[in-house]
S.K.: 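Sharing a structure, written as structure tokens. Questions coming.
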Amino acid sequence: MADTFDLGDFYDLTLVEDVALSPSGDRLAFVADEFDRSEDDRRSSLFVVPTDGSREPYRLTRASDAGSPKWSPDGSKLAFVAAREEDAALAVRDDADEESTEEDGDESGTGAEEPQSQVWLFDLERGGDARQVTAREEGVREFDWGPEGDRVVVASRDPTDEQAEYLRERRDGGPVELERLQHKADGRGYLDDVATYLFVVDVDTREERRLDDAHGGGAYEPMTGMQPAWGDDRIAFVANHGERPDDESAMDVFTVAPDGGDCRRLTDGDVVARGPRWSPDGDRLAFAAGTPTNWHVPDEVYVAERVGADDATYRSVSASLDRTVARDGTVRWTDEETLVALVGDEGSTCLVRCFADGSDPERTFSAQGEYRTVRGFDLAGNAVALALTEPDAPTDCYALDVADLDADGAEPRRLTASNETFVESHAMPACERVTYENDDGDAVEAIAYLPPEFDRDDPEERPLVVSIHGGPVSYDAPEFRFEYAYLADRGYVVLRPNYRGSSSYGRAFSESIRGDWGHREVDDVCSGVDHLVDRGWVDPERTFATGFSYGGITTGYLVTSTDRFAAAAAEHGIYDLRSSYGTDDAHKWWENDFGLPWEHPEAYDESSSITDVGDVDTPLLVTAGGEDWRCPPSQSEQLYVSVKKQGVPAKLVVYPDEHHAIGDPDRAVHRLEAIADWFESHDPERV
């Protein structure tokens, strides 16, 4: 094996994301996450680079995190969201404000000790540091520019006096009092009744107007936000204004006048909408949307006509694809009739052109190939910006002309080389798409990462790690991830199966597991292992399985139904569906797939691996986030205790204060170290 990776090398990576083109398409803003090993911190910085590739990226922020960059309509300013120390221009307070600050111990008056996220902007023509635009006590989550560049619309929580007092008491350790059905959300903790509103803010004076009818709502609004988008004369946003919004998954599209009047609902409660985007002339509105009662139906691109009128209509313009809009929901207009969207298609994240008149969509950017994945894109002027990754190359920024999207072999210009030194100093994995049949005769595709020196034509049997993606309505595509490269460097073959239930292969393939979890996924994973064993790539005695979220759930199914794995690691999963209901933030998911647990207890039990835990004899590592409200840590504790009680080797790792995803870099490194050590300690050739 090459053995060029060390776990500490994780801190040397730069993770590029959040690309935003200037209106003319000549400059690209992007966010890069970097790691501070000494402070155990992950920091997000804002950069700008010309799209012609003439200069290196220029760093705009250094001192604090920054995200969600958006250019002003004339391209002279770049706004972003950041939790920074207060702008010096706002620091002058009158005596009353100073007394209030001293009494409350904070600047906001709400008891918050840390700076809140606000909108800041750089004037790129005049230079200088960023200027603070908003000073909302509860901070700003999202924003968009007005068409003249003199105002922004922001989404911000706006507590009443009574609610503000409750928040102060909460932050001081007071009791949590709840009346919401959607009572918690992963990453946000216990929820409250404070409403989020849209505010229009004057960029120069900072004066603001609340749009009273433009407020949030819905079971998933705490996680998705309102996503405001300002057109020529109306502002679009998503929310649920139903009678029982916490008991509905729908997110409708609304539009409202900038003065707060004439708020209208565009959709009819039949979609989970996201990412509204106005056409260049402002007459149409595009958005991505799924089906609120069935996650397995592919998300589609919709176009609304006559927005704001009484006879407004909307329809899908991508239904014939039978493929899902990718998770970030990015949809961009190239002209008044044409859009480009990011779509999941057979284990690839790629660009698709859609048409406002409903004509059949067309796949584009053929230069992408089989082994590059689009992690994000933007389109403005005559330029397309792409965030591209490959199995042997972390994400970087690229650009090409819109006209070249359909040109055969038109390679995009590379704008960043954020990890060039890292790539040069490490032996990167090889990669191959593999297709095999499961026991039902269905074709299943997987992404295989191979040790750098692996000879596919004359293979030597290697140990295998099956890494199972979450979702389940998600998919694996060829991309660089430190953990896969690290394991391949240590001699493992890593198999990432797109089992039944995965998206990007059409509705029927995904929907086949709806309300009946555990059987088909296990078949598809084990059939993939058999396929690699038959090819001579894998030692059948040295196979290991792991997965995160639904991948952890599937790992639970694996160890309760087969003993073929030498060891397994179930990460942040759910194993007792009935006891999960009401303790996580996904009650609508359970209801949509299985019904209500007191009405259909057998459906919950049949899909719970905990009911078969007596059959486990596979050494099992179980991990959890201490404040994971998507897959609560009590689920991992149940599985761990049940396995340990039987004398089966088991270990539980809980990361205090972590949510569903592991954000702390030291813990991300520890997670991979714990998995690698667990597999090595139960490897028949190493014991």
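Note that the numbering runs from 1 along the sequence shown for the chain.
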S.K.: Under the side-chain hydrogen bond (donor to acceptor under 3.5 Å, both in side chains) rule, collect the residues that match up with H587, sequence neighbours excluded.
M.R.: Q182

S.K.: Please confirm whether the backbone N or O of D628 pairs with a side-chain atom of D186, one donor and one acceptor, at under 3.5 Å?
M.R.: no

S.K.: Counting only heavy atoms not in E56, do more than 12 sit closer than 6.0 Å to its CD atom?
M.R.: no

S.K.: Taking C-beta and beyond as the side chain, do L211 and I235 meet within less than 4.5 Å on heavy atoms?
M.R.: yes

S.K.: Which word best sums up how the rings of F254 and H241 line up, parallel for under 30°, tilted for 30 to 60°, or perpendicular for over 60°?
M.R.: tilted

S.K.: Please evaluate residues H660 and F548 with respect to the criterion side chain to side chain contact (heavy atoms under 4.5 Å, CB included), reporting the C-alpha separation (whole Å), side-chain torsions for both, the decisive distance (0.1 Å), and the verdict.
M.R.: CA-CA 9 Å; H660 190 51; F548 195 97; 4.1 Å; yes

S.K.: I would like to know whether V473 and W589 meet side chain to side chain contact (heavy atoms under 4.5 Å, CB included); could you show each step before the answer?
M.R.: CA-CA 12 Å; V473 188; W589 179 19; over 6 Å; no

S.K.: Around atom CG of D259, are there more than 12 heavy atoms from other residues, nucleotides or ligands closer than 6.0 Å?
M.R.: yes

S.K.: Could you give the distance from CG (L266) to CG (D252), rounded to the nearest 0.5 Å?
M.R.: 8.5 Å

S.K.: Salt bridge or not for D36 and R43, using N-O below 4.0 Å?
M.R.: yes

S.K.: R630 and S549: side-chain hydrogen bond (donor to acceptor under 3.5 Å, both in side chains), yes or no, with the steps?
M.R.: CA-CA 8 Å; R630 185 66 40 78; S549 191; over 6 Å; no

S.K.: Would you tell me whether T134 and Q118 have side-chain atoms, one donor and one acceptor, within less than 3.5 Å of each other?
M.R.: yes

S.K.: Is a donor on one side and an acceptor on the other found under 3.5 Å between the side chain of T267 and the backbone of V253?
M.R.: yes

S.K.: Of the options R141, Q163, E138, R136, which is the one that meets R157 in a side-chain contact (heavy atoms from CB on, under 4.5 Å)?
M.R.: E138

S.K.: Do side-chain atoms of W230 reach the backbone of P147 as a donor and acceptor pair under 3.5 angstrom?
M.R.: no

S.K.: If we only count heavy atoms from C-beta on, is the M251 to Q227 side-chain gap below 4.5 Å?
M.R.: no

S.K.: Working to the nearest 0.5 angstrom, can you tell me the gap between H215 NE2 and R210 CZ?
M.R.: 9.5 Å

S.K.: Any chance you could measure L28, atom CG, to F47, atom CZ, to the nearest 0.5 Å?
M.R.: 12.0 Å

S.K.: Determine, stepwise, if the pair V176 / Y166 fulfils side chain to side chain contact (heavy atoms under 4.5 Å, CB included).
M.R.: CA-CA 9 Å; V176 176; Y166 166 70; 4.1 Å; yes

S.K.: Please check: side-chain N/O of N419 versus main-chain N/O of F422, any donor-acceptor pairing under 3.5 Å?
M.R.: no

S.K.: Can you find a side-chain donor-acceptor pair between D584 and W590 that sits under 3.5 Å?
M.R.: yes

S.K.: What pair of heavy atoms forms the shortest contact from G231 to W278, and how long is it?
M.R.: N-NE1, 3.2 Å

S.K.: Heavy-atom distance under 4.5 Å between the side chains of D87 and W120, does that happen here?
M.R.: yes

S.K.: Is there a donor-acceptor contact under 3.5 Å from the side chain of D378 to the main chain of L21?
M.R.: yes

S.K.: Exactly one of D246, D247, D585 should register a salt bridge (charged side-chain N to carboxylate O under 4.0 Å, His left out) with R180. Which one does?
M.R.: D246

S.K.: Is there a donor-acceptor pair closer than 3.5 Å between any side-chain N or O of D65 and the backbone N or O of S44?
M.R.: yes

S.K.: Donor-acceptor check, side chain of T416 to backbone of S418, threshold 3.5 angstrom: yes or no?
M.R.: no

S.K.: Would you say that more than 12 heavy atoms from the other residues, nucleotides or ligands in this model lie under 6.0 Å from the CZ of R209, or not?
M.R.: no

S.K.: Would a 4.5 Å heavy-atom cut-off, applied to side chains only, mark D262 and R234 as touching?
M.R.: yes

S.K.: Could you tell me which non-hydrogen atom of A135 sits nearest to which non-hydrogen atom of L90, and how far apart they are?
M.R.: CB-CD1, 4.3 Å

S.K.: So, taking the atom named CZ in R375 and the one named CG in L342, what distance separates them when rounded to the nearest 0.5 Å?
M.R.: 10.5 Å

S.K.: State, yes or no, whether a side-chain contact exists between T395 and E17 at a heavy-atom distance under 4.5 Å.
M.R.: no

S.K.: Ignoring hydrogens and angles, state whether a donor on the side chain of D26 or T51 is under 3.5 Å from an acceptor on the partner side chain.
M.R.: no

S.K.: Below 4.5 Å, heavy atoms only, C-beta onward: do V203 and R131 meet side chain to side chain?
M.R.: yes

S.K.: Per the side-chain contact (heavy atoms from CB on, under 4.5 Å) rule, which among V119, V152, V153 passes with V201?
M.R.: V152

S.K.: Is any NZ, NE, NH1 or NH2 atom of the basic residue among E34 and R59 found under 4.0 Å from an Asp or Glu carboxylate oxygen of the other?
M.R.: yes

S.K.: Is it true that a side-chain atom of R327 and a backbone atom of S474 form a donor plus acceptor pair closer than 3.5 Å?
M.R.: no

S.K.: Can you give me the closest heavy-atom contact between A29 and L46, atom names plus distance?
M.R.: CB-CD1, 4.5 Å

S.K.: How long is the straight-line distance from CG of D232 back to CD of E148, given to the nearest 0.5 Å?
M.R.: 9.0 Å

S.K.: Could you tell me how the ring of Y314 sits relative to the ring of F287: parallel (under 30°), tilted (30 to 60°) or perpendicular (over 60°)?
M.R.: tilted

S.K.: Please check: side-chain N/O of T349 versus main-chain N/O of G344, any donor-acceptor pairing under 3.5 Å?
M.R.: no

S.K.: Hey, are the side chains of P57 and L415 touching, using non-hydrogen atoms and a 4.5 Å cut-off?
M.R.: no

S.K.: Hey, are the side chains of L124 and R27 touching, using non-hydrogen atoms and a 4.5 Å cut-off?
M.R.: yes

S.K.: Sequence neighbours excluded, which residues qualify as side-chain hydrogen bond (donor to acceptor under 3.5 Å, both in side chains) partners of R206?
M.R.: none

S.K.: L386 and L351: side chain to side chain contact (heavy atoms under 4.5 Å, CB included), yes or no, with the steps?
M.R.: CA-CA 10 Å; L386 301 165; L351 298 179; 3.8 Å; yes

S.K.: Ring of Y655, cation from R667 - is the NZ or CZ under 6.0 Å from the centre and inside 45° of the axis?
M.R.: no

S.K.: Going from CZ on R274 to OG1 on T330, what distance comes out if it is rounded to the nearest 0.5 angstrom?
M.R.: 8.5 Å

S.K.: If every non-hydrogen atom of C397 is compared with every non-hydrogen atom of V16, which pair is closest and at what distance?
M.R.: SG-CG1, 3.4 Å

S.K.: Is D18 reaching over with its side chain to a backbone N or O of S68, donor-acceptor style, under 3.5 angstrom?
M.R.: yes

S.K.: Counting only heavy atoms not in R264, do more than 12 fall under 6.0 Å of its CZ?
M.R.: yes

S.K.: So which heavy atom on K184 is nearest to which on Y190, and how close?
M.R.: CE-CE2, 4.0 Å

S.K.: Between the side chains of S636 and H572, is a donor N or O closer than 3.5 angstrom to an acceptor N or O?
M.R.: no

S.K.: Taking all non-hydrogen atoms of both residues, which atom of K70 and which atom of W145 are closest, and how far apart?
M.R.: O-NE1, 3.0 Å

